[in-house]
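A short worksheet on the structure shown next.
In what follows, chains carry the letters A, B, and so on, assigned in the order in which the sequence lines appear, proteins first and then strands, with residues in each chain numbered from 1.
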Amino acid sequence: MKRRSFINVLLSGGIAVWLGSVIASIIAYLLPPEAAVSDASSVKAATTDELEPDSAKIFQFGKKPGLLLRLEDGGYRAFVAVCTHLSCTVQYRKDMGVIWCACHNGKFNKKGINIAGPPPKPLDELEVHIRGEDIFVSKPVT
Amino acid sequence: MGAINRAIHYLDERLQIQQLIDFGKKKSVPLHRETVWYYFGGVTLFLFIIQVITGILLLFYYRTGPEEAYESIRFIMSEVRFGWLMRSIHSWSANLMILAAFIHMFSVFFAKAYRKPRELTWITGMLLLFIGLGLGFTGYLLPWNELAFFATKVGTDIFSVVPVIGEPLLRLLRGGEEVTPATLSRFFGIHVAIFPLLFVGLLALHLLFVQRQGMSEPIGWNEMPPDKTKSMPFFPNFLLRDLLLWLIVLNVIALLAVFFPWELGEKADPFAPAPEGIKPEWYFMFMYQTLKFLPAKVLFISGETLGILVFGLAVVLWLIIPFWDRKSARGEKNRALNYVGLFVVLFIIVMTVLGYALH
Ligand code: HEM
Ligand code: FES
């Protein structure tokens, strides 16, 4: 190999490797580390005297909002309150009797099944446990 | 010799600036029926200058953070002298800048001014428009209010339908799984550092190209009799007209900012249900509305994925027009392409109007 072309290879190879590693480390830097506070396993969502039958509240379930729904018969259901369409936070609409997403008028029934509008999937359901006065909500064990 | 001439002479002796002055004087502006459209690039430039000035001023008080962002803008608007004015001007001028950039782009399109040798000017211009849209998208979140919070949730969620790289892209943009204060910090850095730097760099190239090549002439200009093809020196004649228009634009912005001050809305609460009337900024409305019209499933992919892919393809085709519109490159009229352009303009207008009417 000629001296000249050897230097060319060395130089362009060196620059390419450098550029590659700089860019790769910048991308790695920009991708945030997995959050230390992982999704909550069980949180207290409300107390038993808090919700009237046929009403609901939003509570904080780890990093996401959760929806605790009290049915007409007094029972409870809970969902991750994140719309399966484009992630808006849903709410319970007593007047319509559905869980409703304001962003694109998506509707879910009280079982969390998508029944109208763009949402493609049901809401993620959570488990409800009542212990004394307190209502706990947790991720269903799969 | 006047003071100015003496200064020029002083600098020329040392730095040969006469060359630069000649370079600046070289350009002339063809005079014809469509000459008015030549003004819109300059208007966009002027509005960007306003953005830089008001943006830097806002930076003296703005802070990021889940509480601080909203409160600092409230502080700017209620306590800081002329703070409301700075913020209103920044917001109005941002929107007008994008409008002006769109008009500029379409006028270049219909004049076929992108044809050889100006392909690269078109490309840099398109990149400037994309960055302008990016500035608008990232800036919209900065006040951390309810509407912007949910609009950003929806707007970034769209990226997740991009095949393969969608999920990492989403995390990269949001700085996590969700739109959180981490997203706000990211958007802030992008909005005030990365995009402005890129914008200025590309703008320098864009203007350099225009200066090197001179203004484009309409197709068929060279075949016209010489008495029909008049032109005007850019410096100082056209520049003075530019300045007059800039003054008018400045007055319009001042009137808008004073009589329609930009609203702040409610502070974002990530654990409250999304309010009604979530909508993107007007310049994203046509895409948003189109996606809404698509059915949930088309064959085997979701309507959104299809929509994004089609939009992506259309944007790429639009970006590389100078390389496939061979007819204009040869100096012939390309009528079919005019109809395509007309369709695009009408599509954008109709979808935007529907987006607002159906809300
Ligand atoms: C160097 C240039 C710029 C700097 C330093 C800057 C800085 C800022 C700051 C600190 C804010 C938050 C204050 C507020 O929301 O009122 C902001 C908001 C915003 N910026 Fe910029 N900006 C710059 C350029 C631009 C450009 C070129 C655009 C337009 C395309 C733009 C569009 C916006 C928008 C839409 C907002 C939100 C306004 C609002 O809702 O109040 N900015 N900018
Ligand atoms: S985000 Fe809920 S319907 Fe679109």
Heavy-atom contact with chain A under 4.5 Å, split by part of [X]:
{"X": "B:F159", "result": "neither"}
{"X": "B:A272", "result": "backbone"}
{"X": "B:E276", "result": "both"}
{"X": "B:L173", "result": "neither"}

Sulfur-sulfur distance A:C88/A:C101 under 2.5 Å: no
Intermediate values then yes/no, salt bridge (Lys or Arg N to Asp or Glu O under 4.0 Å), A:K63 and B:E177: CA-CA 9 Å; A:K63 283 174 291 178; B:E177 308 291 325; 5.7 Å; no
Contacts of type salt bridge (charged side-chain N to carboxylate O under 4.0 Å, His left out), residue B:R74, not counting sequence neighbours: B:E71
Non-neighbouring partners of B:F149 that pass ring-ring contact (aromatic ring centres under 6.0 Å, His included), sequence neighbours left out: B:W144
B:K153 backbone acceptor or donor facing A:S87 side chain under 3.5 Å: no
Check: B:F187 ring centre within less than 6.0 Å of B:F137 ring centre: yes
Partners meeting side-chain hydrogen bond (donor to acceptor under 3.5 Å, both in side chains) with B:W92 (sequence neighbours left out): none
Any residue of residues 77-86 of chain A which, by heavy atoms, sits under 4.5 Å from chain B: A:H85, A:L86
Modelled atom types, side-chain donor and acceptor of A:D54 and A:Y92, under 3.5 Å: yes
